[in-house]
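See below for the structure under consideration.
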Amino acid sequence: EPEVTQTPSHQVTQMGQEVILRCVPISNHLYFYWYRQILGQKVEFLVSFYNNEISEKSEIFDDQFSVERPDGSNFTLKIRSTKLEDSAMYFCASSAGGTDTQYFGPGTRLTVL
Amino acid sequence: SQQGEEDPQALSIQEGENATMNCSYKTSINNLQWYRQNSGRGLVHLILIRSNEREKHSGRLRVTLDTSKKSSSLLITASRAADTASYFCATLPSGYSTLTFGKGTMLLVSP
């Protein structure tokens with residue numbers, strides 16, 4: 001069964017450093033998403049991506065964040081200058097259509113020291 | 001703002017019993033999705049119910065949706081220890097493609 005994959009599973013970085021989180025969505029899906037979950041809190045939407053551009057973004061997704069689909073398979077989230085409060089589990093998701101089931105990857109746990 | 005809120009926050013039952021979790025939300029939705037999360041792990045999709053549906057089944061799962069009350073329930077029948085996890089409802093607001101998650105219900109099934 002196709003699944004969303006994410007790398008790395010765990011990333012530790014120093015405050016102020018740039019990180020890139022990688023995702024490979026399900027191959028025939030057209031909509032891609034990033035969510036995050038701070039420990040013990042709700043899963044929060046960050047950004048959605050369709051047709052090679054951002055379709056929606058939340059208030060969390062400020063200028064420090066960017067997304068890219070550099071080739072036909074990868075979908076990346078970049079945080080330019082990490083802050084302590086960026087420590088969270090970051091989930092990538094994809095769906096075939098905009099109102100279809102969103103399938104989530106296993107997540108990348110980001111720890112900012 | 002749109003919110004899915006689950007009730008109860010925690011539920012502890014014995015194997016073989018049924019578990020019922022509820023979710024309430026505030027605005028009109030396109031669909032509602034239930035997910036399971038084992039501790040510190042990824043989100044596993046369980047079932048999607050659309051706004052024009054009232055009930056769906058998948059194996060031991062039964063989901064209902066009452067759009068007039070803006071609420072949904074997830075019933076797990078004949079629970080197993082392996083069902084121990086957190087369960088989240090996530091709503092897809094009308095006109096949007098982003099999910100809004102609730103805080104979840106922690107289910108503990110004891111052997």
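In the text below, chain A, chain B and the rest are named by the order of the sequence lines, each starting its count at 1.
Heavy atoms only, all atoms of each residue included: B:Gln14 and B:Ser79 are closest at O-OG, 3.4 Å.
Looking at B:Tyr35, only its side chain comes within 4.5 Å of chain A, counting heavy atoms on both sides. For A:Gln37, the part lying near chain B is the side chain, with the backbone staying farther off; criterion is any non-hydrogen pair under 4.5 Å. Residue B:Leu43 touches chain A through both its backbone and its side chain, counting heavy-atom pairs closer than 4.5 Å. For a residue to count as touching a neighbouring chain, one of its non-hydrogen atoms must lie under 4.5 Å from one of that chain's; by this rule A:Glu56 touches chain B with the side chain only. Of the atoms belonging to A:Ser48, it is side-chain heavy atoms, and not backbone ones, that fall under 4.5 Å from chain B.
Between the B:Gln33 side chain and the B:Ala90 main chain, no donor and acceptor come within less than 3.5 Å of each other. Not a single donor-acceptor pair under 3.5 Å links the side chain of B:Thr105 to the backbone N or O of B:Gln9.
Residues B:Tyr87 and B:Val63 share a hydrophobic cluster, clusters being chains of Ile/Leu/Val/Met/Phe/Trp/Tyr side chains in contact below 4.5 Å.
Comment: A:Asp100 engages B:Arg50 in a salt bridge, judged by a side-chain N to carboxylate O separation of less than 4.0 angstrom.
Contact of the B:Ile49 side chain with the B:Ile47 side chain is not registered, since no non-hydrogen atoms from C-beta on lie closer than 4.5 Å.
Ranked by heavy-atom pairs under 4.5 Å with chain A, the list B:Ser86, B:Gly42, B:Ser97 is led by B:Ser97.
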Could you list the donor-acceptor pairs under 3.5 angstrom formed between side-chain atoms of residues 65-73 of chain A and any protein atom two or more places apart in sequence or on another chain?
from: A:Arg69; atom 1: NH2; to: A:Gly72; atom 2: O; distance (Å): 2.7
from: A:Asp71; atom 1: OD1; to: A:Ser73; atom 2: N; distance (Å): 2.8
from: A:Asp71; atom 1: OD1; to: A:Ser73; atom 2: OG; distance (Å): 3.2
from: A:Asp71; atom 1: OD1; to: A:Asn74; atom 2: N; distance (Å): 2.8
from: A:Asp71; atom 1: OD1; to: A:Asn74; atom 2: ND2; distance (Å): 3.2
from: A:Asp71; atom 1: OD2; to: A:Asn74; atom 2: ND2; distance (Å): 3.0

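Residues satisfying the ring pair (Phe, Tyr, Trp, His ring centres under 6.0 Å) criterion with A:Tyr35, sequence neighbours excluded, are A:Phe45, A:Phe104, B:Phe101. Among residues two or more places apart in sequence or in another chain, the ring pair (Phe, Tyr, Trp, His ring centres under 6.0 Å) test is passed with A:Phe32 by A:Phe75.
Of all residues in residues 16-24 of chain A, none places a non-hydrogen atom less than 4.5 angstrom from a non-hydrogen atom of chain B.
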